[in-house]
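What you see below is based on every heavy atom in this structure, not just the backbone, and it leaves out hydrogens, waters and symmetry mates. All residue numbers in this chain count up from 1 along the given sequence.
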Amino acid sequence: MTTAAPTSSSRDLPHPATGEIRLEAVLHALSDPMRLLVVRELAAVGDELSCSHFDLPVTKSTTTHHFRVLREAGVIRQIYRGTAKMNGLRRDDLDDLFPGLLDSVLTAAAGQAARLGGDLGGG
């Protein structure tokens, strides 16, 4: 199952088709504490959030890098709505390709955060 290519514009961002998403890329994207924090928040909200919603303790350029890694791995979909870049978790695609993976990672991350008192684990 692949998604149709959107009409092209200078504001379109490249995303892998569902069939092109690789487990190694997803695991790499989820291995970083900042990216995992973004994914946890998107999963908790269950809707799209703008980049500006996230208050990560890193520079703007590093935040942009983290979103790009997540998008290129197929973990999130980014689209422009007006001037806002919106981010949505590609849960259906990930669940179809890797059943249980996302839920397992999110459950483990929540347990770790509880164990470490909310620490992001990036120390």
Side-chain angles (χ1 to χ4, degrees):
M1 167 201 247
T2 59
T3 55
T7 56
S8 184
S9 84
S10 63
R11 290 170 58 95
D12 285 342
L13 299 164
H15 297 85
T18 302
E20 297 171 341
I21 297 173
R22 301 286 308 258
L23 178 61
E24 309 89 285
V26 171
L27 292 174
H28 170 74
L30 296 174
S31 71
D32 182 89
M34 294 297 115
R35 294 191 291 264
L36 186 55
L37 183 64
V38 167
V39 170
R40 288 181 65 201
E41 189 145 355
L42 286 170
V45 171
D47 200 2
E48 294 178 343
L49 294 171
S50 69
C51 289
S52 63
H53 169 86
F54 297 91
D55 186 24
L56 302 179
V58 294
T59 64
K60 184 174 178 173
S61 64
T62 300
T63 298
T64 299
H65 166 75
H66 286 313
F67 279 105
R68 189 183 85 243
V69 169
L70 289 166
R71 176 175 43 81
E72 290 177 351
V75 176
I76 65 170
R77 180 167 305 281
Q78 291 186 304
I79 58 169
Y80 281 100
R81 295 207 195 284
T83 59
K85 191 186 294 181
M86 302 301 292
N87 303 279
L89 190 58
R90 292 180 66 175
R91 180 181 276 281
D92 289 345
D93 290 337
L94 295 173
D95 287 347
D96 286 347
L97 292 167
F98 315 112
L101 175 68
L102 188 58
D103 286 334
S104 293
V105 168
L106 292 169
T107 298
Q112 175 175 279
R115 232 181 25 255
L116 302 176
D119 184 275
L120 297 175

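- A donor-acceptor pair under 3.5 Å links the side-chain atoms of Asn87 to the main chain of Leu49, judged by distance alone.
- Within the 4.5 Å cutoff, no side-chain heavy atoms of Val38 are placed close to those of Thr63.
- With hydrophobic clusters built from ILVMFWY side chains whose heavy atoms lie under 4.5 angstrom apart, Phe54 shares a cluster with Leu106.
- Atoms CZ and CG, on Arg40 and Leu30 in that order, are 12.0 Å from each other to the nearest 0.5 Å.
- Between Leu42 and Val75, the closest side-chain pair of non-hydrogen atoms is not below 4.5 Å.
- Across all their heavy atoms, Ser50 and Ala84 have their closest contact at CB-CB, 4.5 Å.
- Leu36 places a side-chain heavy atom less than 4.5 Å from the side chain of Val105.
- In this structure the side chain of Gln78 reaches within 4.5 angstrom of the side chain of Cys51, judged on heavy atoms.
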Step-by-step side chain to side chain contact (heavy atoms under 4.5 Å, CB included) determination, Leu89 to Val45: CA-CA 10 Å; Leu89 190 58; Val45 171; over 6 Å; no
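- Of the possible polar contacts, one joining the Arg71 side chain to the Pro14 backbone as a donor-acceptor pair under 3.5 Å is found.
- Met34 and Val69 fall into different hydrophobic clusters, defined by Ile, Leu, Val, Met, Phe, Trp and Tyr side-chain heavy atoms under 4.5 Å apart, directly or through other members.
- Looking only at side-chain heavy atoms (C-beta outward), Arg91 and Asp103 come within less than 4.5 Å of each other.
- Taking 4.5 Å as the limit, some side-chain heavy atom of His65 sits within range of a side-chain heavy atom of Arg35.
- Contact check for Phe98 versus Ile21: side-chain heavy atoms found under the 4.5 Å cut-off.
- Atom OG of Ser61 sits about 10.5 Å away from atom CZ of Arg68, to the nearest 0.5 Å.
- In this structure, CG in Leu97 is found 11.5 Å from CZ in Arg22, a value given to the nearest 0.5 Å.
- Contact check for Leu94 versus Leu101: no side-chain heavy atoms found under the 4.5 Å cut-off.
- To the nearest 0.5 Å, atoms CZ (Arg81) and CD (Glu48) are separated by 4.0 Å.
- Taking each heavy atom of Ala73 and Ala29 in turn, the nearest pair found is CB-CB, 3.8 Å.
- Put simply, Leu56 and Ile76 are part of the same group of oily side chains (I, L, V, M, F, W, Y) that touch within less than 4.5 Å, one to the next.
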